[in-house]
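Along the sequence shown, the residues carry numbers beginning at 1. Basis for what follows: all heavy atoms, side chains included, without hydrogens, waters or symmetry-related copies. The structure displayed is predicted, hence computed values, not measured ones.
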Amino acid sequence: RALDVESITLSDREGVVRVSSDAAAVGKPLVRLAGESVGVAPPGVAVRRVEAGRPAVFAFEAPVTFQGKTLGEVLVTLPAEPLSAAIR
């Protein structure tokens, strides 16, 4: 089935947003979402459940690397309910 992505943001190695589904974030520092860590992720990857006054989402943060060098970071948020329902 299709995956419902709420947002996606790509930052450079200095942490400045270069591409985002939120146009207002482009050119600004990447805002990390605070939330409860979920499960075990590979090194350098963070998975959090974030509620912050809105419907819950899962936030996935991972480095973007090429030939062992970090070029930036990607942040993807997905609605929590469909993923939680699939796990149940």
Open item on the list: Is it true that S7 and T77 share a donor-acceptor pair across their side chains at a distance under 3.5 Å?
Closed with: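 On atom types as modelled, these side chains qualify, holding a pair under 3.5 Å.
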Hey, quick one: are [X] and [Y] part of the same hydrophobic cluster, counting side-chain heavy atoms closer than 4.5 Å, chains of contacts allowed?
{"X": "F60", "Y": "L10", "answer": "yes"}
{"X": "V31", "Y": "V17", "answer": "no"}
{"X": "V64", "Y": "V19", "answer": "yes"}

Considering only distance and modelled atom types, tabulate donor-acceptor pairs under 3.5 Å from the side chains of residues 65-73, sequence neighbours left out.
residue: E73; atom: OE1; partner: R32; partner atom: NH1; Å: 2.9
residue: E73; atom: OE1; partner: R32; partner atom: NH2; Å: 2.9
residue: E73; atom: OE2; partner: R32; partner atom: NH1; Å: 2.8

- [ ] Please name all residues satisfying salt bridge (charged side-chain N to carboxylate O under 4.0 Å, His left out) with D22, sequence neighbours left out, ordered by chain then number.
- [x]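 D22 satisfies salt bridge (charged side-chain N to carboxylate O under 4.0 Å, His left out) with no residue once adjacent residues are dropped.
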- [ ] Only counting residues at least two apart or in another chain, list the ones meeting side-chain contact (heavy atoms from CB on, under 4.5 Å) with V38.
- [x]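 V38 satisfies side-chain contact (heavy atoms from CB on, under 4.5 Å) with V47, R49, F58 once adjacent residues are dropped.
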Open item on the list: Please check: side-chain N/O of T9 versus main-chain N/O of S20, any donor-acceptor pairing under 3.5 Å?
Closed with: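 Judged by distance alone, no pair lies under 3.5 Å.
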Which heavy atom in [X] sits nearest to a heavy atom in [Y], and how many Å separate them?
{"X": "R18", "Y": "V26", "value": "O-CG1, 3.8 Å"}
{"X": "A34", "Y": "R48", "value": "C-CD, 4.5 Å"}
{"X": "L33", "Y": "A59", "value": "CD1-CB, 3.9 Å"}

- [ ] With the side chain counted from C-beta on, respond yes when L78 and V5 share a heavy-atom pair under 4.5 Å apart, and no when they do not.
- [x]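 Yes, at least one pair of side-chain atoms sits under 4.5 Å.
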